[in-house]
Amino acid sequence: MRAFAIALVLAACHPSAPSPRFPDPASLADDVTLEIVAGPTIHGRDAVARALGDHVIVGRQWIDGDTRVVELVLGGVAAAVIIHTDARGEATRVRLYADKTARAPITAPIAGTAVIEHRGTSIEQANLAAATKIWAALDAHDPDGVLTGALPTYVYDDRGGPAPLDTKGTRALLDRFLHLVDGFTIVEKPVFFAAGDDVITESVEHMTFHGKPITLHGLDIKHFTGGALASDTQYANSDEARAAITPAE
């Protein structure tokens with residue numbers, strides 16, 4: 001798992017399209033940390049360098065200042081990393097989202113290889129406002145509000161799930177989830193920005209399941225078309241939830 005994670009991080013520093021934010025493709029700070037969601041944290045450039053891998057396909061990338069979000073494919077599985085850089089452009093903190101899946105192996109980027117930077121346009125501002133309302137509706141346990149304004153062709157794709165869902169399937173999933181847990185709330189959005197037609201959100205969520213407290217982390221990419229929500233792509237690690245609700249041996 002460590003080699004897998006580190007390979008993803010280093011591949012993210014080798015974007016398929018040139019980027020001024022990573023002039024040195026192997027740029028890692030001496031004290032870089034790699035945080036694997038539902039896994040270990042690895043410290044230091046040397047520890048990262050000892051486990052380099054190269055079987056990675058780089059997909060879309062979104063950039064906002066010193067934050068880069070990158071979709072990846074490794075070993076046929078979709079994953080994503082969030083990379084924070086310092087003033088020198090060196091990666092100082094990286095978080096990896098990767099999950100098991102029963103889907104067929106992926107052999108190419110799931111949605112292209114575009115590199116999209118936040119520009120502060122009116123479209124980005126409108127999309128960010130729309131995403132804010134959607135997250136507020138979820139925080140208020142309002143499935144109707146979550147899907148209000150979604151296109152009839154809306155698709156929700158949890159990359160760790162068995163298959164994408166349409167609007168009806170997404171609504172059923174929301175209803176089931178909110179019925180199973182208590183006290184669901186979004187306590188933090190460490191990453192939240194718009195770039196082009198997309199809004200990128202990393203969320204930290206608290207809830208209880210049969211009285212057991214759970215904290216979950218997720219990375220969501222909302223795509224808007226003409227101001228309407230067209231799709232959600234989500235990355236998480238289901239081991240995080242399983243570990244929280246499974247009794248200790």
Side-chain angles (χ1 to χ4, degrees), residues 1 4-5 8 36-39 56-60 62 69-82 95-112 131 134-135 137-139 141-147 150-181 184-186 189 191 198-210 212 214-225 229-246:
M1 180 63 179
F4 169 87
L8 289 177
I36 304 171
V37 175
V56 178
I57 300 170
V58 179
R60 296 179 294 177
W62 298 266
V69 176
V70 188
E71 287 185 319
L72 304 164
V73 179
L74 180 67
V77 177
V81 287
I82 300 172
R95 290 187 297 290
L96 166 69
Y97 286 86
D99 208 349
K100 304 177 183 69
T101 179
R103 300 189 194 187
I106 305 167
T107 58
I110 64 171
I134 293 169
W135 287 116
L138 180 59
D139 204 31
H141 307 177
D142 176 14
D144 287 333
V146 171
L147 294 171
L151 292 173
T153 54
Y154 168 84
V155 173
Y156 170 76
D157 191 0
D158 178 348
R159 296 305 305 177
L165 300 174
D166 59 11
T167 303
K168 182 178 179 180
T170 304
R171 172 59 194 263
L173 176 67
L174 286 170
D175 287 341
R176 185 164 63 251
F177 171 73
L178 292 172
H179 175 74
L180 286 172
V181 302
F184 172 85
T185 184
I186 301 170
K189 293 196 284 287
V191 173
D198 302 318
V199 175
I200 315 302
T201 311
E202 183 184 30
S203 62
V204 181
E205 303 164 348
H206 287 181
M207 67 209 77
T208 60
F209 179 74
H210 292 175
K212 295 194 66 173
I214 301 174
T215 298
L216 299 180
H217 300 76
L219 176 63
D220 178 84
I221 302 159
K222 296 186 185 298
H223 181 70
F224 291 85
T225 299
L229 182 63
S231 67
D232 275 287
T233 303
Q234 181 172 294
Y235 295 90
N237 189 329
S238 54
D239 284 345
E240 190 173 39
R242 281 191 287 268
I245 65 177
T246 301

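For the pair I82 and Y97, the minimum side-chain heavy-atom distance is below 4.5 Å. Within the 4.5 Å cutoff, no side-chain heavy atoms of V69 are placed close to those of V81. V191 places none of its side-chain heavy atoms less than 4.5 Å from the side chain of T201.
Here R159 pairs with D157 under the side chain to side chain donor-acceptor pair (under 3.5 Å) rule; sequence neighbours left out. Taking the side chain to side chain donor-acceptor pair (under 3.5 Å) definition, one finds that D239 meets it with K100, R242, sequence neighbours left out. Under the side-chain contact (heavy atoms from CB on, under 4.5 Å) criterion, L151 pairs with T153, T225, A228, A230, sequence neighbours left out. Under the salt bridge (charged side-chain N to carboxylate O under 4.0 Å, His left out) criterion, E240 pairs with no residue, sequence neighbours left out. The side-chain contact (heavy atoms from CB on, under 4.5 Å) check on A150 picks up Y154, L229, with sequence neighbours excluded. Legend: residues meeting side chain to side chain donor-acceptor pair (under 3.5 Å) with H141, ordered by chain and number and at least two apart, are absent. Checked against side-chain contact (heavy atoms from CB on, under 4.5 Å), P143 has the following partners two or more places apart in sequence or in another chain: R171, L174, D175, L178. By the ring-ring contact (aromatic ring centres under 6.0 Å, His included) test, F177 pairs with F184, sequence neighbours left out. Contacts of D198 classified as salt bridge (charged side-chain N to carboxylate O under 4.0 Å, His left out), with partners at least two apart in sequence or in another chain: none. Judged as a side chain to side chain donor-acceptor pair (under 3.5 Å), and not counting sequence neighbours, the contacts of S203 are E205. By the side-chain contact (heavy atoms from CB on, under 4.5 Å) test, D158 pairs with Y156, Q234, sequence neighbours left out.
For the atom pair NZ of K222 and CG of D232, the computed distance is 3.5 Å after rounding to the nearest 0.5 Å. Atom CD1 of I200 is separated from atom CG of L219 by 7.0 Å, given to the nearest 0.5 angstrom. The NE2 atom of H223 sits 9.5 Å away from the OG1 atom of T233 when rounded to the nearest 0.5 Å. Taking CD1 of I57 as the start and CD of E71 as the end, the distance is 12.5 Å to the nearest 0.5 Å. Within the model, atoms CG of D220 and CG of L138 stand 9.5 Å from one another, a figure rounded to the nearest 0.5 Å. Going from atom CZ of R95 over to atom NE2 of H217 covers 8.5 Å, rounded to the nearest 0.5 Å.
Looking at every heavy atom in both residues, V73 comes nearest to I106 through CG1-O, 3.6 Å. The two atoms that bring A79 and L96 nearest to each other are CB-CD1, 4.4 Å, heavy atoms only.
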Could you walk me through whether Y235 and I221 pass side-chain contact (heavy atoms from CB on, under 4.5 Å), step by step? CA-CA 9 Å; Y235 295 90; I221 302 159; 4.0 Å; yes
Quick one: do L72 and V58 satisfy side-chain contact (heavy atoms from CB on, under 4.5 Å)? Show the steps, please. CA-CA 5 Å; L72 304 164; V58 179; 3.9 Å; yes
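With hydrogens and angles ignored, the 3.5 Å screen pairs a side-chain donor or acceptor of D99 with a backbone N or O of S238. Distance alone, capped at 3.5 Å, is enough to place a donor-acceptor pair between the D139 side chain and the I186 backbone.
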Donor-acceptor pairs under 3.5 angstrom involving side-chain atoms of residues 161-169: please list them, not counting sequence neighbours.
from : atom 1 : to   : atom 2 : distance (Å)
D166 : OD1    : K168 : N      : 3.3
D166 : OD1    : G169 : N      : 2.8

